[in-house]
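We name chains A, B, ... by the order of the sequence lines, and we start the count at 1 in each one.
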Amino acid sequence: MSESDTVGRPGGPGLAGAPRGGAAPDTAPEAPISSTPQGSGGNATEDTKVITRPGDKIFKALTVGSGGFVVLMIALIGIFLLIQAIPSLVDDNANFLFSRDWNADPGVFAFGVLDLLLVTVFSSAFALLIAMPVSLGIALFLTQYAPRRLSKPFAYLVDLLAAVPSIIYGLWGAYVLAPALSPISAWLNDTLGFLPIFAQGSSNLEIGQTIFTAGIVLAVMLLPIITAITREVFDRTPPMQIEGALALGATKWEVVRTTVLPFGRAGYISASMLGLGRALGETIAVMIILSATDKHFSWTLFDGGDTIASKIARAAQEFNDPRGAGAYIAAGLVLFVLTFVVNAFARSIIAGHKEYE
Amino acid sequence: MTAATDLDRPASMPAFQEISPGRRFKNQLATVLVGLAFLAALAPLVWLLVTVLVKGLKYVFSLDWWQKSLAGLTPRQFGGGVYHAIIGTLIEGLVCAVIAVPIAIMVAVYLVEYGKGSRLARAVTFTVDILSGVPSIVAALFVYALWVTTFGLPRSAFAVALALVLLMIPVVVRTTEELLKIVPDELREAAYALGVPKWKTIVKIVIPTALSGIVTGISLAIARVMGETAPVLVLVGYNPFINNDPFEGNMASLPLLMTNERLTTTAAGEARVWGAAVTLILIITVFNLLGSLISRLTSLKTK
């Protein structure tokens, strides 16, 4: 694609400019189009100036403006959140980054984001831990194992998971999955309870409003995201490599291990990071599933609690004074920075891989 | 097709050696695991859809459900409908699309037609990537900080639409960009050769060629933003009445109705929640189907 473009574009000014000698010095990319009729027929009339039609100028300005607008938008998000957060942060009676208690009531106004941050990262990491191997399997199944004719409809089914709104995941997770998981979590708690991660937490295991449930629901939501990109990358494995491995007598799995996986590794990791970004910011499903609690997060899957996003959503209806809202906006800013870093990191992983394009 | 079968089955069986049991076992184990992974994705999908349909489908068959609101009903009263929430969801989604689509298409045109390789284009691509990863709650907080705190305007459905714009732009830019890229350069060159200005080439040749795909992308994007809950939670209040004005007053939407009625712990409340879930899934399905239908109707005739 890019080759044909480079042939198409710079070729234009060259062809158009050549007959007129030095008549078209600094042609903007759109210049040759409007000047082509000039160059062929109007050499005598106007040979000193290249005419750019007003329509072209306006249209280009519009597109450049839209592009700039989008860039500006990201900057504005950061700036506005910061501006709104600063007054509340100044008033904060606790250390915002290291306090583990959140109290944005006007009387107390001592809030720290650390506990929310820990729950956010912990639940997302748990979700990623489940989702990564499963989506690797799905991507391999769709690209290498499934019958060619079925792989498209199968892929569509997986994509359907992404079309389900997160609130419906939340309802399903809280009212259907959580009770169904309670025997499993009770068993894990009984047999492996000596490990801190499976220890008794703040949430009732019978009801199952735990990080464990939330993490599994998040994992399901991540599957289509991670799979979609991983699948695309796996599909671009050079057939020569696959055929070479086959010719050497490799089994299907050995072909996958020696060609597909090394080729697609960077794409897979990048896709997983994008999924992580999504999990960190997931709001409503987590809010519905997790039970709110006053206790600190204690590094167990069977805790309740709140992620940054779910805390904001829980309080959203009571945003009345700007000062209180500012506390939540400060938490939102932390989330924004976190997802920004994760996403930028994910993009930077595949940025250097020309073979994926 | 043929390439695949050739890959799967070598022309002649390897004559030199048997595959050792260990390798064969690993190969079969991998095949089984990979198949199981796929089933692990299907299981929640089926489970979830069946749950929602079983719990909610029975409520959406009455005509009242589609024509009435929940105005004046007590938490225990069955009946009423979700018309107010459907209209709210549609208004928010469509207002968002009206704002987001022109911007997104212009951005995509810039990336493909004008900015190739320039520094701004790289910045735009990067921003679109980042924007597509911005959590919906952060977009909502941003609009809250801008619209409510800074401008002092009340919460409204329009503010919700603004937050949805942020979520919709990257989706539409992505699809449009991909589609514009595959418009053959010969079409552009033919237009230039006829003396058509560049902007007219884009508007009359390039975009129409890609239009059917763009429309599909837009309707998928609308379906996606209509299911977003975080922005409606932050930026507009719920009310059980019908409100058609996006600038004034509270407006219900299906996700907002669900989060509110979820706290109504009666049988009627449960009915409303799951009925609304079915309705939301139906609307999203309709928009998805609409996308492919429109694309089929508007696609350029190919020989």
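- Residues meeting the side-chain hydrogen bond (donor to acceptor under 3.5 Å, both in side chains) test with A:Arg314, sequence neighbours left out: A:Asp306.
- Options B:Lys200, B:Glu228, B:Arg262 differ in how many heavy-atom pairs under 4.5 Å they form with chain A, and the most are formed by B:Arg262.
- Only the side chain of B:Leu42 comes within contact range of chain A, judged by heavy atoms closer than 4.5 Å.
- For the pair A:Thr63/B:Glu113, no side-chain contact is recorded, criterion being any heavy-atom separation below 4.5 Å from C-beta on.
- For chain B, the option among A:Ile58, A:Leu76, A:Leu223 with the highest count of heavy-atom pairs below 4.5 Å is A:Leu76.
- The part of B:Ile169 that comes within reach of chain A is its side chain, from C-beta onward, which places non-hydrogen atoms under 4.5 angstrom from that chain.
- With respect to chain B, the highest number of heavy-atom pairs below 4.5 Å among A:Val70, A:Ile77, A:Ile284 belongs to A:Ile77.
- Closest non-hydrogen pair, A:Ile329 versus B:Ala145, comes out as CD1-CB, 4.1 Å.
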Next on the checklist: Please determine whether side chain to side chain contact (heavy atoms under 4.5 Å, CB included) holds for the pair B:Leu233 and A:Met287, giving the CA-CA distance in whole Å, both sets of side-chain angles, and the decisive distance to 0.1 Å.
Outcome noted: CA-CA 12 Å; B:Leu233 214 52; A:Met287 182 189 110; 4.2 Å; yes
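- Highest contact tally toward chain A, considering only B:Phe38, B:Phe126, B:Trp274, is held by B:Phe38 [criterion: heavy-atom pairs under 4.5 Å].
- No part of B:Leu254 comes within reach of chain A, as not one of its non-hydrogen atoms sits under 4.5 angstrom from that chain.
- The shortest non-hydrogen separation linking A:Gly137 to B:Val34 is O-CG1, 3.4 Å.
- Pairing each heavy atom of A:Ala180 with each of B:Trp47, the nearest pair is CB-CH2, 3.8 Å.
- Only the side chain of B:Ser132 comes within contact range of chain A, judged by heavy atoms closer than 4.5 Å.
- When each of A:Leu177, A:Thr227, A:Leu142, A:Leu161 is checked for heavy-atom pairs under 4.5 Å with chain B, A:Leu161 comes out on top.
- Between B:Gly227 and A:Pro165, the closest heavy-atom pair is O-CB, 3.7 Å.
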Item to check | Steps toward side chain to side chain contact (heavy atoms under 4.5 Å, CB included) verdict (A:Leu171, B:Met258) | outcome: CA-CA 9 Å; A:Leu171 294 175; B:Met258 280 189 261; 3.7 Å; yes
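- Residues A:Gly332 and B:Leu141 share a closest heavy-atom pair of CA-CD1, 3.6 Å.
- At a 4.5 Å heavy-atom cutoff, B:Leu263 makes no contact with chain A through either its backbone or its side chain.
- Using a 4.5 Å cut-off between heavy atoms, B:Val173 does not touch chain A at all.
- Among all heavy-atom pairs drawn from A:Val134 and B:Ala37, the shortest one is O-CB, 3.5 Å.
- Taking B:Lys55, B:Gln28, B:Arg155 one by one and counting their heavy-atom pairs under 4.5 Å with chain A, the maximum is reached by B:Arg155.
- Heavy-atom distances place the side chain of B:Val52, and not its backbone, under 4.5 Å from chain A.
- Between chain A and the residues B:Tyr144, B:Trp199, B:Tyr238, B:Tyr110, the most heavy-atom pairs under 4.5 angstrom are made by B:Trp199.
- Of the listed residues (A:Ile138, A:Ile167, A:Leu160, A:Val256), the one with the most heavy-atom contacts under 4.5 Å to chain B is A:Ile167.
- With respect to chain A, the highest number of heavy-atom pairs below 4.5 Å among B:Val138, B:Val109, B:Leu48 belongs to B:Leu48.
- The distance from the CZ atom of A:Phe69 to the OG1 atom of B:Thr127 is 12.0 Å, given to the nearest 0.5 Å.
- Interface summary for chain A: among B:Val273, B:Thr229, B:Asp129, B:Leu39, the most heavy-atom pairs under 4.5 angstrom belong to B:Asp129.
- Note on A:Ser66, A:Gly281, A:Pro133, A:Gly78: by heavy-atom pairs under 4.5 Å with chain B, the leading option is A:Ser66.
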